[in-house]
Amino acid sequence: QVQLVESGGGLVQAGGSLRLSCAASGSIFVINSMGWYRQAPGKQRELVAVITLSSTNYADSVKGRFTLSRGNAKNTVYLQMNSLKPEDTAVYYCNLSQLSRLYWGHGTQVVVSS
């Protein structure tokens, strides 16, 4: 089993920054991808950013503002979120793909006030 622990959410004013962290533990073998999704009230969960074996991909809505990186321990990822907008308000979920299985964290709330 794989556990994902997220941290770093909170309340910030528009234009501000937050950094989310996600650490994976448990039965880690080969991580195919790791990253973040988000779900705003009344909306479907959507991809924010993900690191795969060959690339880092971002949603168009966050390109140029968010940066996804891996820690020295490859089972950790960080999402640096700059120039935050009210529309970035959502619960952010860490996601990991391994051996054709998907794992999710419990989510961390991000609220951006105008």
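The first residue in the sequence is number 1, and the count goes up from there. Reckoned from all heavy atoms, side chains included, excluding hydrogens, waters and symmetry mates.
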Peer 1: Quick check on the hydrophobic clustering: are L96 and V91 connected, directly or via other members, by side-chain heavy-atom contacts under 4.5 Å?
Peer 2: no

Peer 1: To the closest 0.5 Å, what do you measure between OG (S113) and CG (L84)?
Peer 2: 10.0 Å

Peer 1: Find the distance between CD1 (I51) and CG (L68) and round it off to the nearest 0.5 Å.
Peer 2: 4.0 Å

Peer 1: For the pair F66 and Y92, name the ring-plane relationship: parallel under 30°, tilted 30 to 60°, perpendicular over 60°.
Peer 2: tilted

Peer 1: Hey, quick one: are V62 and V50 part of the same hydrophobic cluster, counting side-chain heavy atoms closer than 4.5 Å, chains of contacts allowed?
Peer 2: no

Peer 1: Looking at R45, R38, H106, which hits side-chain contact (heavy atoms from CB on, under 4.5 Å) with Y93?
Peer 2: R45

Peer 1: List the atom pairs, with distances to 0.1 Å, where a side-chain N or O of residues 7-36 and a protein N or O form a donor-acceptor pair under 3.5 Å, not counting sequence neighbours.
Peer 2:
residue: S17; atom: OG; partner: N82; partner atom: OD1; Å: 2.9
residue: S27; atom: OG; partner: Q1; partner atom: N; Å: 3.3
residue: N32; atom: OD1; partner: L99; partner atom: N; Å: 3.3

Peer 1: Is V48 reachable from Y103 through a run of hydrophobic residues whose side-chain heavy atoms are each under 4.5 Å from the next?
Peer 2: yes

Peer 1: If we ignore hydrogens and angles and just use 3.5 Å, is the side chain of Q80 paired with the main-chain N or O of T67 as donor and acceptor?
Peer 2: no

Peer 1: Is there a path of hydrophobic side-chain contacts, each under 4.5 Å between heavy atoms of I/L/V/M/F/W/Y residues, joining V2 to V77?
Peer 2: yes

Peer 1: Identify whether the distance between the nearest side-chain nitrogen and carboxylate oxygen of D88 and K85 falls below 4.0 Å.
Peer 2: no

